[in-house]
Amino acid sequence: MRTLRRFLTPGWVIGVLAAILFAWACFALLAPWQLGKSDDLDARNARLAESVEAAPAPLAQVVDGPQAYAEREWRLVTLSGEWQPDSEALLRLRSVDGDLVYQVLTVFDPVDGADLLVNRGYVLVGENNAVPDYPAAPTGEVEITARLRVAEPGEAEPVPMAGLPAVRVVDPAAIGDTLGHDLVPEGYLQLTGDQPGSLTPAPIPGIENGPYLSYGLQWLAFGVLAPAALIYFAWAEIRARRRDAEVAAADAEADADRGSDDDIPPTAGRSDQGGGTTGGIARGDSSVDRDASDVDELSARERAMRARYGDRDDVEKRRALRRADRLRT
């Protein structure tokens with residue numbers, strides 16, 4: 001109970017609460033966040049690998065529901081229809097290999113189904129953020145091959161630029177409202193190279209592991225180390241307090257021994273007034289022997305105490321440090 005009361009100080013209470021809160025955050029928030037990003041990256045890598053291995057298929061065959069754009073993203077599809085060159089937007093704030101670019105988004109009217117937004121590729125940003133000239137989409141019915149892309153989250157925020165609306169993210173619903181078309185809201189298409197109406201193709205990400213799994217494992221390790229460190233410091237505190245108690249008991253015993261030695265009356269050099277020379281010398285020699293044995297015993301005790309606990313100055317320093325520690329806690 002006394003040991004428990006020693007740990008009910010404000011410093012220890014705050015330390016315990018902080019360790020518990022940190023461990024909870026590691027296990028409930030930080031580690032799942034990073035591990036979830038790792039799972040998302042693995043799923044994207046799997047979709048990329050599937051898109052590379054699978055041959056292009058008709059859009060109607062691949063997209064069989066609203067979730068198909070997310071579940072089969074990057075899959076190659078084919079479709080026929082007509083470009084709508086007058087319904088176009090720019091995707092700004094993008095870069096390719098460190099160069100700022102504008103990606104051109106154009107409406108495509110398939111033979112069957114609702115209108116789709118298609119990323120035709122990119123052009124380099126001109127001086128003073130100017131929009132350079134680029135080839136317009138061809139007219140007439142064409143067949144294109146493109147990749148499925150899921151709509152990007154965030155606010156599109158269309159702003160006029162060179163007579164075209166420029167957006168920050170690809171949100172087909174918002175862009176369709178700006179262009180006056182009812183576009184498929186779940187996703188869009190990204191055109192590959194050598195297609196009717198294609199510009200420089202927008203790059204696709206590579207298959208990579210990423211650091212998210214290692215980050216998640218690190219947060220799990222931190223969640224384990226926080227309470228372990230708290231237990232270690234508590235154990236070290238208990239050991240230190242026990243050692244201080246032993247030192248204090250030894251100091252008290254040493255002080256008691258010194259007090260009892262100071263109470264012994266001096267007898268060396270005293271002689272009997274009525275006795276002769278021989279008797280006086282005999283009694284004097286006896287008292288001298290007793291004093292010498294007491295001094296030898298005291299010296300041996302002091303040497304043992306000094307070997308174990310140090311000099312008197314060291315004891316006083318330890319006492320001062322213990323008082324300072326108690327004042328701080």
Side-chain angles (χ1 to χ4, degrees), residues 51 55-63 68-69 72-97 99-127 129-152 156-204:
S51 70
L59 176 66
Q61 179 180 337
V62 177
V63 178
Y69 286 92
R72 300 179 178 89
E73 190 177 16
W74 305 107
R75 179 71 184 275
L76 285 170
V77 296
T78 60
L79 68 161
S80 298
E82 296 183 0
W83 291 105
Q84 305 294 314
D86 295 334
S87 300
E88 206 162 61
L90 297 176
L91 181 60
R92 58 192 179 96
L93 301 178
R94 299 298 168 103
S95 64
V96 176
D97 295 332
D99 296 326
L100 293 177
V101 299
Y102 291 122
Q103 297 185 10
V104 181
L105 308 174
T106 307
V107 176
F108 189 81
D109 184 12
V111 174
D112 297 321
D115 291 349
L116 288 164
L117 189 66
V118 180
N119 186 335
R120 295 203 291 133
Y122 69 87
V123 293
L124 294 175
V125 175
E127 295 183 359
N129 295 328
V131 180
D133 295 332
Y134 55 86
T139 58
E141 184 174 330
V142 295
E143 182 178 354
I144 61 174
T145 300
R147 297 184 183 275
L148 295 180
R149 295 296 310 274
V150 67
E152 298 177 358
E157 300 179 1
V159 296
M161 183 175 292
L164 298 173
V167 296
R168 298 176 57 184
V169 297
V170 185
D171 183 0
I175 296 173
D177 292 341
T178 303
L179 299 177
H181 287 265
D182 187 14
L183 302 177
V184 174
E186 291 84 12
Y188 65 101
L189 301 179
Q190 181 171 309
L191 204 62
T192 61
D194 299 329
Q195 299 293 314
S198 67
L199 303 172
T200 304
I204 63 174

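For this chain, numbers begin at 1 and follow the sequence in order.
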Query raised in the report: Counting only heavy atoms not in R92, do more than 12 sit closer than 6.0 Å to its CZ atom?
Result: yes

**Report entry** Inter-residue atom distance T139.OG1 - D86.CG, 0.5 Å rounding
**Finding:** 10.5 Å

Query - Note, L189 side chain near L79 side chain (heavy atom, < 4.5 Å) - result: yes

Report task. Would you check if V131 and Y102 make a side-chain contact, meaning some heavy-atom pair closer than 4.5 Å? Result -> yes

Query raised in the report: In Å and rounded to the nearest 0.5 Å, what is the CD to CG distance from E88 to L105?
Result: 8.5 Å

Query raised in the report: Quick one: are L100 and L124 in side-chain contact, heavy atoms under 4.5 Å?
Result: no

Report task. Measure across V62 and A57 and return the closest heavy-atom pair with its distance rounded to 0.1 Å. Result -> CG2-CB, 3.6 Å

Report task. State, with a plain yes or no, whether a side-chain heavy atom of T106 is found less than 4.5 Å away from one of V118. Result -> no

Report task. Enter the distance from W83:CH2 to R120:CZ here, rounded to the nearest 0.5 Å. Result -> 6.0 Å

Query raised in the report: Are any of the side-chain heavy atoms of I175 and P165 separated by less than 4.5 Å?
Result: no

Requested in this report: Can you see which heavy atom on P158 is nearest to which on T178, and at what distance?
Outcome: CG-OG1, 3.5 Å

Query raised in the report: Under the side-chain hydrogen bond (donor to acceptor under 3.5 Å, both in side chains) test, which residues partner R75, sequence neighbours left out?
Result: none

Query raised in the report: Does the side chain of R94 come under 3.5 Å of the side chain of Q103 through a donor N or O and an acceptor N or O?
Result: no

Query raised in the report: Between P132 and G126, which heavy-atom pair has the shortest distance, and what is it?
Result: CD-N, 4.2 Å

Report task. Determine the minimum heavy-atom distance between A156 and D171, stating which atoms define it. Result -> CB-CB, 4.2 Å

Query raised in the report: Ignoring hydrogens and geometry, is there a side-chain-to-backbone donor-acceptor pair from T192 to T145 under 3.5 Å?
Result: yes

Query raised in the report: How many angstroms lie between NE2 in H181 and CG in D109, if you round to the nearest 0.5 Å?
Result: 8.5 Å

**Report entry** Contact check, side chains of L117 and V170, non-hydrogen atoms, under 4.5 Å
**Finding:** yes

Query - Within-4.5 Å side-chain heavy-atom neighbours: Y188 and L116 - result: no

**Report entry** Test item: V167 and L91 side chains (from C-beta on) under 4.5 Å apart, heavy atoms
**Finding:** yes

Report summary line: Value for OG1 (T78) from CD1 (I144), rounded to nearest 0.5 Å, stands at 9.5 Å

Report task. Tell me, yes or no, whether the heavy-atom count around D177 atom CG, taken from other residues, nucleotides or ligands under 6.0 Å, exceeds 12. Result -> yes

Report summary line: Heavy atoms of P172 and L183 approach each other most closely as O-CD1, 3.6 Å

**Report entry** Crowding at CG, D99 (>12 non-hydrogen neighbours, <6.0 Å)
**Finding:** yes

Requested in this report: For the pair F108 and V142, evaluate side chain to side chain contact (heavy atoms under 4.5 Å, CB included) and give the outcome as yes or no after the intermediate values.
Outcome: CA-CA 10 Å; F108 189 81; V142 295; 4.0 Å; yes

Query raised in the report: Could you walk me through whether Y122 and V96 pass the side chain to side chain contact (heavy atoms under 4.5 Å, CB included) check?
Result: CA-CA 9 Å; Y122 69 87; V96 176; 3.8 Å; yes

Query raised in the report: Nearest 0.5 Å, what's the CZ-CD1 distance between R149 and I204?
Result: 9.5 Å

Query raised in the report: Is there a donor-acceptor contact under 3.5 Å from the side chain of Q190 to the main chain of R147?
Result: no

